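Reminder, nothing fancy here: chain letters follow the sequence lines and each chain counts from 1. Every value quoted in this text rests on a predicted model; they were computed, and no experiment measured them.
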Amino acid sequence: MNSHLSSDQICRWLAGERGTEEHRHLRDCPACQAELDQFQHTLTGFRISLEQSPVPAASYARKRQALPRWILATGALALIVAAPAYWNARQQRAAEQARADELLLERVNASLSRSVPASMEPLMQLISKESQ
Amino acid sequence: MDPAATATAIMEHSATETTDFDTVVHLYWPRVFRFALASLRDRDAAEALTQDCFLHAYKAWERFRGEASIQTWLMRIAVNLVRDASRNRRLQFWKRLRDVDADGVGVHTRDLRLTPEAEALLREQVAGIWKATAHLPERQKSVFLLRFADEMTLLEIAAATGLSENAVKVHLYRALRAVRAHMEKVTGRSE
C-alpha cells in the first residue's frame, strides 16, 4: 500500500474492520497514524463533552410509586359523571327532609291547639254527650 | 469498595444473588441518562426515558439471570426505549436539538492543555459530531453512541442492540463515514 489511507479506510479501521495491510501501513506511516489519532482525539472530546453534561438525580422510585395516568384519568371522568347525580340526590334528600319537617310541625301545632291531651279526648267526648 | 470494584462485582454476580438494585441505579443512572440525552437531545425526555429504563429493569429484576452484564442488559432496555421514543417524536420535530446543541459542548477542552488554535479546532469538530449524529438513522446513531459515548465493545453493542457483530461494524462504519463527512464539510478540511 503506497498511498495514504483513505477516509473510508480510517472509518473501517475505527469500526473494527482491521486488515493486515492497514495495520502495517499505520505502523509505517506517521501521517496516517496522526490522522487516525486526530480523529480518535475528536471522538474522545465528544465523549468528554457528554460526560460533562449535568445528570439529574436518580428518581425511578418516585415514578415507581406514582399512579398510572389511566387510573387518574378514569378517576377524573368518574368524578365528572358522578357529580351531577350526587348533587341531584342530595337536593332530593333535602326536599324530603323539608316535607317531613313541615308535617311534623303541623302535628305539633295540632297537638298544641287541643284543649285536652289526646289520651283524654274520649273521656271529654263522653262527658260532653252525657251533659247533652 | 470503590465504584469500579462494585461495578465489577455486580457484573460478576447474577441478579438472583443478593445484588442491591439501588446500587445498580447509582452506578448506571448517569450512563443511561447520557445515552438517552445524546439520542433524544432533550433533557426532560432523556430523564423520563432513564426513569422508564430503570422502572423496566426493576420490574424484570427478579427474572434477570445474568446472561449478559448488567450494563449490557440496561443498555438493551434503553436502546429499545430510545427507538420507541424516536418513533413517537418524529412528528415533534421542533423539540429536536432544543436542549443539547453545539454551544453546550465547549467546556470539555479545559483540561486538555491545548493551544488556543487546537482548542478552537477541537471544539468545532466536537460540535460537528453533535450535529452529525443528530441526522444519523436511529440504528447507526445508537451504535455510534454506544461505541464512542459509552465505550462499549463491539460484542457488548451487539448484545445490547440484538445485532450481529458484523452488522454492528457495518452500522458503525456508516455512522463514522457520515460523521467524518459532516466534520469535513463544517471545518472545510479533511481530518
Side-chain angles (χ1 to χ4, degrees), chain A residues 1-23 25-26 29-73, chain B residues 22 25-26 29-30 33-35 37-38 43 46-48 50-55 57-59 100 104-109 111-112 121-123 125-130 133 143 145 147-151 153-154 165 168-181 183-184 190-191:
Chain A
M1 190 180 288
N2 296 322
S3 58
H4 290 304
L5 293 180
S6 67
S7 189
D8 261 17
Q9 284 173 305
I10 287 177
C11 290
R12 282 188 197 283
W13 179 268
L14 283 173
E17 292 284 358
R18 300 182 172 184
T20 320
E21 268 190 65
E22 285 85 2
H23 187 76
H25 183 87
L26 281 167
C29 177
C32 285
Q33 185 61 57
E35 191 170 341
L36 180 67
D37 289 346
Q38 171 64 29
F39 193 28
Q40 282 180 316
H41 185 58
T42 310
L43 290 166
T44 303
F46 169 70
R47 178 175 53 77
I48 295 171
S49 75
L50 189 58
E51 282 175 0
Q52 291 193 345
S53 191
V55 176
S59 57
Y60 82 101
R62 225 176 15 206
K63 178 144 186 172
R64 195 172 65 196
Q65 288 162 359
L67 283 172
R69 281 184 183 174
W70 69 268
I71 290 180
L72 294 174
Chain B
D22 284 338
V25 175
H26 173 71
W29 182 273
F33 173 77
R34 286 181 190 126
F35 173 73
L37 181 65
R43 192 165 286 280
E47 188 175 357
T50 309
Q51 286 177 350
D52 275 351
C53 179
F54 281 93
L55 188 64
Y58 179 77
K59 285 176 181 170
V100 181
V105 297
V107 290
H108 74 280
T109 54
D111 300 328
L112 299 179
L121 179 64
L122 182 59
R123 287 167 70 143
Q125 288 171 334
V126 169
I129 295 181
W130 274 101
T133 52
V143 168
L145 292 175
R147 180 77 190 97
F148 295 110
D150 274 316
E151 296 188 287
T153 65
L154 296 176
E165 191 182 356
V168 169
K169 284 181 186 176
V170 170
H171 285 297
L172 196 55
Y173 159 70
R174 288 179 182 157
L176 280 164
R177 201 175 55 175
V179 165
R180 205 169 149 84
M183 287 167 61
E184 286 169 5
S190 176
E191 281 291 307

F33(B), part contacting chain A, at a heavy-atom distance under 4.5 Å: side chain

R147(B)-T153(B) side chain donor-acceptor pair, cut-off 3.5 Å: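 There is no such pair (donor and acceptor under 3.5 Å, judged by atom type) between the side chains of R147(B) and T153(B).
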
Is it possible for you to check whether R12(A) lies under 6.0 Å from the centre of the six-membered ring of Y173(B), through NZ or CZ, and within 45° of that ring's axis? yes

Does CZ in R177(B) sit with more than 12 non-hydrogen atoms of other residues, nucleotides or ligands closer than 6.0 Å? yes

So F39(A) and L176(B), do their side chains get closer than 4.5 Å, heavy atoms only? yes

Contact part of L36(A) toward chain B, heavy-atom cut-off under 4.5 Å: side chain, backbone, both or neither?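 For L36(A), neither part sits under 4.5 Å from chain B.
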
Check whether Q40(A) gets within reach of chain B through its side chain, its backbone, both or neither, counting any heavy atom under 4.5 Å.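 When you check distances to chain B, no heavy atom of Q40(A) falls under 4.5 Å.
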
